[in-house]
Amino acid sequence: MARPKANEVTCAAVIGTGLIGGAWAALFLSRGIAVRASDPSPQGEAHLHKIIDRAWPVLERLGLAPDADRGRVSFFKDRREALDGAQFVQENAPEKLDLKIGLLADIDAVLPPEIVLSSSTSGFLPSRLQSQCVHPERLVVGHPFNPPYLVPLVEVVGGEKTEQWAIDWAADFYAHVGKRPLKLKREIAGFVANRLQAAIFREIIHLTKLDIASIADIDAAVAHGPGLRWAIMGPALTFHLARQTGIEDFIHLFAGEFNTYGLASGDTVVDADTYRRMVEGTHAEAAGRSLDALSKTRDETLIGIRQLLAGKDLPD
Ligand SMILES: NC(=O)c1ccc[n+]([C@@H]2O[C@H](COP(=O)([O-])OP(=O)(O)OC[C@H]3O[C@@H](n4cnc5c(N)ncnc54)[C@H](O)[C@@H]3O)[C@@H](O)[C@H]2O)c1
């Protein structure tokens with residue numbers, strides 16, 4: 001079978017139909033892609049339909065593709081049948097390394113080599129996942145955020161044996177179904193977003209251990225503070241706006257004042273090359289937008305977010 005163009009996929013297989021697999025299935029259906037699904041659990045098919053039921057009204061509000069049809073989903077007890085004719089495969093089995101290595105090898109053994117095989121793993125290295133595959137070159141990680149039908153981010157990561165065409169094709173496919181793909185330059189356990197989340201979770205544990213603040217207050221420190229800004233443009237560009245002279249000045253502050261507070265640790269020493277890449281990267285992201293323009297956009301968007309949150313049943 002020839003691999004279709006990433007924006008011409010008409011049939012995808014979803015292996016494992018729990019929380020994440022069911023959500024991928026709903027998203028693909030909403031983009032007009034037929035889904036062939038499989039799960040060994042006796043409840044697998046019922047779970048799949050439950051998640052599609054939950055996702056579909058959300059997807060309708062976001063806007064369906066003209067040929068979207070939630071009825072174009074088929075469930076197969078036999079995984080091989082689900083893979084038959086699939087032009088892309090998303091694996092969503094439980095986060096157990098040995099299970100995934102074996103399952104991906106089984107899928108790889110019957111799937112034509114030109115078809116991309118993507119794992120939803122939350123943090124395993126693709127080099128490990130592809131270790132038993134005969135065609136490791138087409139295996140990628142496509143790590144979503146829950147719920148994948150609503151949160152745009154998907155991290156696309158290749159292993160040592162993955163070829164660039166598979167990474168590029170997967171990223172193009174995810175963009176086609178409305179995701180915001182993030183291609184890692186190389187693999188690292190936990191990828192980018194979960195490493196950022198882990199850094200914050202480490203501090204929650206630390207602050208709780210020291211009994212500095214209640215859990216509600218630690219949460220408020222994000223939800224009523226930086227979290228509002230992170231929804232708009234991410235932490236690096238947000239820091240760029242924290243100083244009159246941008247990120248260059250902020251890095252000096254971090255290396256100086258923050259260090260005095262004891263907030264910077266050994267591995268956050270900014271050497272000359274890292275400094276250059278952080279400054280150049282932030283300016284590349286700003287892409288000519290001035291500090292004033294970005295600050296204005298931030299402020300206008302914050303008004304909208306605050307208005308949206310007002311009156312919701314949420315902690316203070
Ligand atoms: N839950 C999240 O927030 C989240 C977010 C991103 C990525 N992920 C990743 O997605 C994957 C699935 O997580 P989940 O939360 O949907 O788990 P889940 O427990 O809801 O679903 C897992 C499904 O896999 C099925 N399964 C068990 N053995 C299988 C096998 N051999 N072959 C195929 N299917 C099998 C189970 O019956 C179940 O339906 C994991 O790798 C997880 O790390 C989860």
Side-chain angles (χ1 to χ4, degrees), residues 12-29 35-55 58 73-84 86 88-111 116-133 139-159 170-171 174 177-182 184 187-198 200-201:
V14 169
I15 305 301
T17 56
L19 199 62
I20 295 300
W24 276 123
L27 177 71
F28 297 158
L29 292 167
V35 171
R36 299 172 73 82
S38 184
D39 189 296
S41 162
Q43 290 87 38
E45 186 170 10
H47 277 159
L48 171 67
H49 288 289
K50 194 172 138 195
I51 293 169
I52 296 172
D53 285 346
R54 186 195 305 157
V58 176
V73 56
S74 327
F75 187 90
F76 302 90
K77 284 203 168 64
D78 180 351
R79 187 195 314 131
R80 283 176 176 237
E81 279 188 60
L83 296 171
D84 190 22
F88 170 73
V89 179
Q90 186 81 38
E91 170 276 314
N92 320 278
E95 191 74 349
K96 294 182 187 149
L97 184 59
D98 289 347
L99 184 156
K100 280 200 190 280
I101 290 174
L103 173 62
L104 289 163
D106 286 354
I107 295 172
D108 171 72
V110 296
L111 194 67
V116 172
L117 170 55
S118 181
S119 171
S120 291
T121 178
S122 296
F124 291 138
L125 295 178
S127 290
R128 298 296 307 279
L129 296 176
Q130 69 193 170
S131 57
Q132 302 296 319
C133 291
L139 186 133
V140 299
V141 164
H143 172 234
F145 264 68
N146 193 38
Y149 55 80
L150 189 53
V151 179
L153 181 68
V154 59
E155 298 179 294
V156 183
V157 196
Y174 287 129
V177 296
K179 307 289 287 178
R180 165 55 165 97
L182 181 168
L184 270 67
E187 65 185 342
I188 184 168
F191 319 129
V192 172
N194 274 344
R195 293 185 75 89
L196 293 171
Q197 295 206 111
I200 293 192
F201 199 62

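Counting convention: from 1, in listed order, for ligands and their atoms alike.
Atom 31 (N) of ligand 1 has its closest protein heavy atom at Leu99 CD2, 4.0 Å. Looking only at heavy atoms of the protein, atom 6 (C) of ligand 1 is closest to Pro144 O, 3.1 Å. Protein heavy atom at the shortest distance from atom 39 (O) of ligand 1 is Asp39 OD2, 2.6 Å. With hydrogens left out, the protein atom closest to atom 34 (N) of ligand 1 is Pro40 CD, 3.3 Å, a heavy atom. Counting protein heavy atoms only, atom 41 (O) of ligand 1 is closest to Glu95 OE1, 2.5 Å. For atom 5 (C) of ligand 1, the nearest protein heavy atom (residue, atom name, distance) is Ile20 CD1, 3.6 Å. Protein heavy atom closest to atom 40 (C) of ligand 1, with residue, atom name and distance, is Ala93 O, 3.3 Å. Closest protein heavy atom to atom 22 (C) of ligand 1: Asn92 O, 3.6 Å.
For His143, every heavy-atom contact with ligand 1 shorter than 4.0 Å involves the side chain, none the backbone. By the criterion of a heavy-atom distance under 4.0 Å, neither the backbone nor the side chain of Ser38 is placed next to ligand 1. Only side-chain heavy atoms of Lys100 come within less than 4.0 Å of ligand 1; its backbone N, CA, C and O stay farther off.
Heavy-atom proximity to Ser41, at under 4.0 Å, picks out these atoms of ligand 1: 37 (O). Close contacts between ligand 1 and Gly18 involve ligand atoms 16 (O), 20 (O), 21 (O), 23 (C), 39 (O) [criterion: under 4.0 Å to a heavy atom]. Contact atoms of ligand 1 toward Ser122: 6 (C), 7 (C), 8 (N), 9 (C), 42 (C), 43 (O), 44 (C) (distance under 4.0 Å to a heavy atom of the residue). Within ligand 1, the atoms closer than 4.0 Å to a non-hydrogen atom of Ser120 are 7 (C), 8 (N), 9 (C), 10 (O), numbered from 1 in the order shown. For ligand 1, the atoms sitting less than 4.0 Å from at least one non-hydrogen atom of Asn146 are 3 (O), numbered in the order shown with element in parentheses.
Although no hydrogens or angles enter the test, the distance criterion places a donor-acceptor pair under 3.5 Å between the side chain of Lys179 and the main chain of Pro148. Side chain of Arg36 to backbone of Glu81: a donor-acceptor contact under 3.5 angstrom is found.
In this view, Glu155 satisfies the salt bridge (charged side-chain N to carboxylate O under 4.0 Å, His left out) rule with no residue, not counting sequence neighbours.
Each of Val89, Val140, Leu111 was compared with Val116 under the side chain to side chain contact (heavy atoms under 4.5 Å, CB included) criterion, and only Val140 meets it.
Contact of the Tyr174 side chain with the Ser118 side chain is registered, since non-hydrogen atoms from C-beta on lie closer than 4.5 Å. A 4.5 Å side-chain heavy-atom check between Leu29 and Val73 finds at least one atom pair inside the cut-off. Contact check for Val157 versus His143: no side-chain heavy atoms found under the 4.5 Å cut-off.
Considering both main-chain and side-chain atoms, Leu103 never comes within under 3.5 Å of ligand 1 through any nitrogen or oxygen pair. No N or O atom of Gly21 sits closer than 3.5 Å to an N or O atom of ligand 1.
With distances taken over non-hydrogen atoms, the option nearest atom 26 (N) of ligand 1 out of Ala23, Pro94, Gly16 is Pro94.
Distance check on atom 19 (O) of ligand 1: every protein heavy atom falls at or beyond the 4.0 Å cut-off.
Within the structure, ligand 1 lacks Gly44 among the residues with a heavy atom less than 4.0 angstrom away.
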